[in-house]
Amino acid sequence: MSPVQPKHNLNPQQSAAVRLCQQPLLVLAGAGSGKTGVITRKIAHLINQQQMPPEQVVAVTFTNKAAREMQARVTQLVSTDTNGLTISTFHSLGLKLLRREREAAGLKRGFTIFDSDDSLKVIKELMKGGSKDEDVQQRRWQISAWKNDDISVTQAMQIAENGLESSAAELYAAYQRQLKAYNAVDFDDLICLPLRILREHADVRQQWQSRIGHLLIDEYQDTNNTQYEFIKLLLSGNSGLTAVGDDDQSIYAWRGARPENMERLKNDFADLQVIKLEQNYRSSGRILACANKLIANNPHAFEKNLWSELGPGDPIRVINCSDSESEAETTVSSIVTQRFKLKARLGEFAILYRGNHQSRPLEKALRLNNLSYNISGGQSFFDRAKVKDILAYLRLLTNPDDDTAFLRIINTPRRHIGASTLEKLGLYANERNTSLFNACHEMGLRSVLNNRAMQNIDRFTSLLDELEIQSRTEPPGVIVRELLKQVHYADWLRELSKDQAAADRRYENVEELASWIERMTEDDDLDLSEAVARIALLDMLDKNTEDGHADMINLMTLHAAKGLEFPHVYLVGFEEGLLPHQSSIDEENIEEERRLAYVGITRAQRHLTISHTSKRRRYGKDLSSEPSRFLEELPREHLMFNDEVPAEVKKETGQANLANLRAILNQG
DNA sequence: TGGGGTGATATTTTT
DNA sequence: TATCACCCCA
């Protein structure tokens, strides 16, 4: 990404990392050290120079975005055909294995991938309602944690030490049974189940191992236990391994990532080589000096010292503001100034914060100044209710056992199938040990339901049955369009809300989904169930955000900023209680908070501004706030303390932003 | 079915 | 304090 590093010249360490193929390799890639370049060059090297068949090269990332970026770069580098080369996320790779070894996992054709929403519904149901939402969330979290830690149902039962834990383990068991009944897997299963298959089926294991000539893993510090075991089982004695990661950028321990997997590699692979990438191509010297000094306060298994040739650059500005509103105004007016002074585009600016709620005052200030901005995160396209409705139809088409999908759409649009009908149907299905949709087809149901209800059900089933038959021959895009037509979806949306504009907007989402499915399946010739799976893995969501590559200020959490870089970065809310977060101040978590600050600082290429407030409203009360302890850990000689413009100046002129702007111009 | 009133709740999140 | 989910009523 960095334009500074010559595209075709690797430094000695990078080059060594690319060429070392015969031994397992751990690349310690500091922030901005060109790790993606190393991975992509290595893939090219394996194929071009080592003559490894592309189908034996497998590269794994955590996000679709990273995978796509890697794919694009590799395509540029490899001269020959890259057909068969695998560059995918952990989850997609897991899905690929699961599809091929479906029977070993006890799954039927067309199995559904449940998203976290679906899982939550299942767990809620199993907890017999009544439970508080918080508890349901908690249980889901526990189950997911077990799965990420490679702990099976049986093991969970064994390690349970009290009633509470064993009831959680019971729920885990029931949850897995339920998923099986629905012919569904959740996100975690996409790693868990393949791992189990590889473990238990020697023949499958050998087959997969023989396919893998070289395995490359990106963001290795983010792997959890299950992923680590999965990786190990994918490798045979003959497979090469390149793991690239940075323990200083491990910020996902709270959701199961095990940065100690980096050290484990040393034990599990006796001949492991370690190469450090310490030259930073991203940030100017003072920014880097700050980052280094800060992170030096964490213990390290691998020592690293980042350096840069980019020159010292400007000092880091530290601004103290009275409160969050003033912090937002100061930040925004600084952006206005800087943009003017540096002739910079809005897209070169990023405002980073610890928690999503911190974006509010910033948004307000940005809107006031008519600056366009982009907030990453928030509600994603696929979470929108109407899109999920359509997806549920498609899910049911490929998987008649998917009760969750069935329940979602049986009355969407209205089909006058009431609660009592559904209850009877549920009981009947339960007795017959079959799914709701299958039960709808059984003659026996006729004796349970009245005529009217049965007619409504019949209409629904025959609609889907016809679509299902069509889907065997027609491409998915056609099916979606046909579906929308058959259920009169547009009409239904329109009559649903009085607000025509809102209805149209909703339909646009649905329309967009349809055209995406069309495009996706045209390109790759996928069948319906593959298309649905891809959507479940959000395997195109970020394609959209990339298209919308307008020139906008970037607002995001520190977590979301990992892997990105910006010329001008504003790190707001650098305060005790926020960064380190209140609930992470204990000995155990403080290091990860420090890494989070480190990630924030190292996003900046040329300018970094850190701000904190004197008082901040928390839960309604104005509380005085202290600068973050991490501020003291930064080298003073590179900081420039720059107090905000006094509030009076703004009031007197009545032109807050103009006054701010002038004051800052004068100072800087 | 949708809107208004009420009460709980308040990190980080990809797939 | 602000938001959001949920419940009840029209």
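First the proteins, then the strands, lettered A, B, ... as listed; each starts at 1.
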field: For A:K96, salt bridge (Lys or Arg N to Asp or Glu O under 4.0 Å) partners two or more places apart
entry: none
- prompt: Does A:N356 place a side-chain N or O at less than 4.0 Å from the phosphate oxygens OP1/OP2 of B:dT13?
  reply: yes
- prompt: Under 4.0 Å: is that the gap between some side-chain N or O of A:S584 and OP1 or OP2 of B:dT11?
  reply: no
task: Walking along DNA chain C from 5' to 3', note the first and the last nucleotide with an atom under 4.0 Å from a heavy atom of chain A, and give both.
output: C:dT1 to C:dC6
query: With A:R264, which residues qualify under salt bridge (Lys or Arg N to Asp or Glu O under 4.0 Å), at least two apart?
result: A:E229
task: Could you check which of B:dT12, B:dT15, B:dT11 has an atom nearest any side-chain atom of A:N64?
output: B:dT15
task: Check the distance between B:dT15's P and A:K562's NZ and give it to me in whole angstrom.
output: 12 Å
- prompt: Is a salt bridge present between A:R595 and A:D247, judged by a nitrogen-to-oxygen distance below 4.0 Å?
  reply: no
field: Interatomic distance, A:L558 CG vs B:dT12 C1' [rounded to whole Å]
entry: 9 Å
- request: Flag the pair A:D248 and A:R594 as a salt bridge only when some basic side-chain nitrogen lies within less than 4.0 angstrom of an acidic carboxylate oxygen.
  value: no
Nearest-angstrom distance from the residue atom CG of A:D218 to P of B:dT14: 16 Å
field: With sequence neighbours excluded, residues passing salt bridge (Lys or Arg N to Asp or Glu O under 4.0 Å) with A:E591
entry: none
query: Under the 5.5 Å and 30° test, is A:Y619 stacked on the base of B:dT9?
result: no
- prompt: Does the ring of A:H581 meet both stacking tests against the six-membered base ring of B:dT11: centre distance under 5.5 Å and plane angle under 30°?
  reply: yes
Atom-to-atom span, CG of A:L596 to P of B:dT12 - whole angstrom: 11 Å
A:Q137 CD to B:dT12 P, straight-line distance once rounded to whole Å: 13 Å
Whole-angstrom distance between C:dC4 and B:dT11, as gauged at atom P: 13 Å
message: Taking only the P atom of each, what is the distance from C:dT1 to B:dT12 in whole angstrom?
response: 22 Å
Touch class at under 4.0 angstrom, heavy-atom based, for A:Q358 against every strand present: nothing
- prompt: At under 4.0 Å between heavy atoms, what does A:S583 touch on the DNA or RNA strands: base, sugar-phosphate, or nothing?
  reply: base
message: Rounded to whole Å, how long is the line connecting atom CZ of A:R140 with atom P of B:dT14?
response: 13 Å
- request: Check every strand shown and say whether A:R618 touches a base, only sugar-phosphate, or nothing at a heavy-atom separation below 4.0 Å.
  value: nothing
- prompt: Tell me: CG of A:D186 to P of B:dT13, nearest whole Å?
  reply: 20 Å
field: Under the ring-ring contact (aromatic ring centres under 6.0 Å, His included) test, residues paired with A:H559 that sit two or more places apart
entry: A:Y252, A:W254
- request: Measure from the side chain of A:T89, starting at C-beta and using heavy atoms only, and say which of B:dT11, B:dT15, B:dT12 lies closest.
  value: B:dT15
field: Residues in salt bridge (Lys or Arg N to Asp or Glu O under 4.0 Å) contact with A:D188, at least two apart in sequence or another chain
entry: none
query: If we ignore angles and hydrogens, is there a donor and acceptor under 3.5 Å between the side chains of A:T112 and A:D402?
result: yes
- prompt: For A:D586 and B:dT11, what is the distance between atoms CG and C1' respectively, to the nearest whole Å?
  reply: 13 Å
